[in-house]
Amino acid sequence: MTGPLWKGRFSKPPSEALAELSRSVQFDARLWRQDIACGRAHAANLRNAGLISRKDEKDLNAGLDAAAQAFEDGTFRFEASDEDVHSALERFLTDELGETGARIHAGRSRNDLVVTDLRLWLKERIVGLAQGLQDLQGALLGKCKQYPDCLAPGYTHLQRAQPVLLSHHLLAHAFALSRDFDRLTGAYRRADVSGLGAAAFAGTTLPLDPVKVGEDLGFSAVFDNSADAVGCRDFALEFLSAAAIAAVQLSRIGEEVVLWTSAEFGFATLDDEFATGSSIMPQKKNADVAELVRAKSARITADLMHLLGVLKGLPMAYNRDLQEDKEPVFDAADSLGLSLSALAGALGSIIFHPARMEEAAADGAAGATDLAEALVVKGVPFRRAHEAVGRLVARWAPAFPWAAAASPIACAWIS
Ligand code: ARG
């Protein structure tokens, strides 16, 4: 079979420019597993409806097996006329099985097929990304256990503020990641709806059973409205927004890794496996891992903006613009997955330097708030205590040993 799937109505093939513009196979080929799964479920549906024979179904499944094998081995041959993975697979079945292959697309459109493929793909990837978030939390938790008593300077405005436990600081990131996990779980639920059976957008006159197909494909629910089924991508937006928020959170961790591993801070050292050198400066040990994670957040947030822009103002139901949904979704999933595993590895093996952190935690006026509160306990109104300690800081800092400042002697001196 050559030429586009719609060639019957046309007297000429599409121009080269249009064919090039239309082609998405170079990026949607990665949906082949999902497309084959949908093919099997649809073949069963056609057979249950009496629209193809048992033998046709068996042959279609054998054809799909052969396609799967070819994709697996990297030997699947795309033809110039294959616009996308869906048309490539249908062309393959028709080449292999003739008439039988040409029966597969009854009651189905690429519009309901592509959205169902994407939903299946996303469900699987979200599970992996959620696992990646948990692995990163595990790495943070591991460090809390390794350095249970280590003090660290806590910061606001990147100025030393109050001493805290290092574990308190690390767990702040871990709790934020729990919310990212929640958001991804929500995105999973919204993705977990089958669109197959909506056909182009208005369903089909054929006696097919979308509910059974949805069950066969492992979906928890089936579309309620066929136009919405093919036209909506809010499930993808929800994934992208969860991914963008998670990526921004990772970039904040990355920023701290960059700062903390610098000579100026000296709080931590990356394991050699997660650090990089310089091609010219032999002494350099750089935190590229954290810098790249920080920068990946830019492209993941751009992926969200990309799809928001594509969807804005689209009329119901399917529009070809929707073909532009896949690259941002793939890119965000890939970039977030990489960021998560690299950061989990880097943090799992990072070495903290408790003596240096504690020195920084004890330095300067970090005990000032505690001292003011000690005065409150002694009955001084907080605003007065704050002012008195502030004056003390102005007079003595930075020489005053503030670790000792909260002591009863200092309290007595002030009152
Ligand atoms: N490749 C398209 C996509 O990714 C599916 C094709 C739908 N084409 C069409 N003319 N209705 O959305």
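All of these numbers come straight from a predicted model, not from anything done at the bench. Atoms within each ligand, like the ligands themselves, are counted from 1 in listed order.
The single protein non-hydrogen atom nearest to atom 11 (N) of ligand 1 is Asn111 OD1, 2.9 Å, given as residue, atom name and distance.
Under the 4.5 Å side-chain criterion, counting only non-hydrogen atoms from C-beta, Glu255 is not in contact with Leu158. Taking the side chain as every heavy atom from C-beta outward, Leu184 and Asp180 never approach each other to under 4.5 Å.
Of the N or O atoms in Tyr318, one or more lie within a sub-3.5 Å distance of an N or O in ligand 1. The shortest N/O to N/O separation between Gln323 and ligand 1 falls below 3.5 Å.
Residue Asp84 holds the heavy atom nearest to atom 6 (C) of ligand 1 of all those in Val114, Val230, Asp84. Between Arg233, Glu324, Arg110, it is Arg110 that holds the heavy atom closest to atom 8 (N) of ligand 1.
Checking His173 against Gln137 by side-chain atom types alone, no donor-acceptor pair falls below 3.5 Å. Remark: the Asp192 side chain and the Ser220 side chain contain an N/O donor-acceptor pair separated by less than 3.5 Å.
For Phe330 and Trp121, the gap between ring centers is short of 6.0 Å.
Ligand-side atoms of ligand 1 in range of Ser24: 1 (N), range being under 4.0 angstrom from any heavy atom.
One finds the OG atom of Ser251 at 8.5 Å from the CZ atom of Arg294 (value rounded to the nearest 0.5 Å).
Put simply, part of Lys326 is less than 4.0 Å from ligand 1, judged by heavy atoms.
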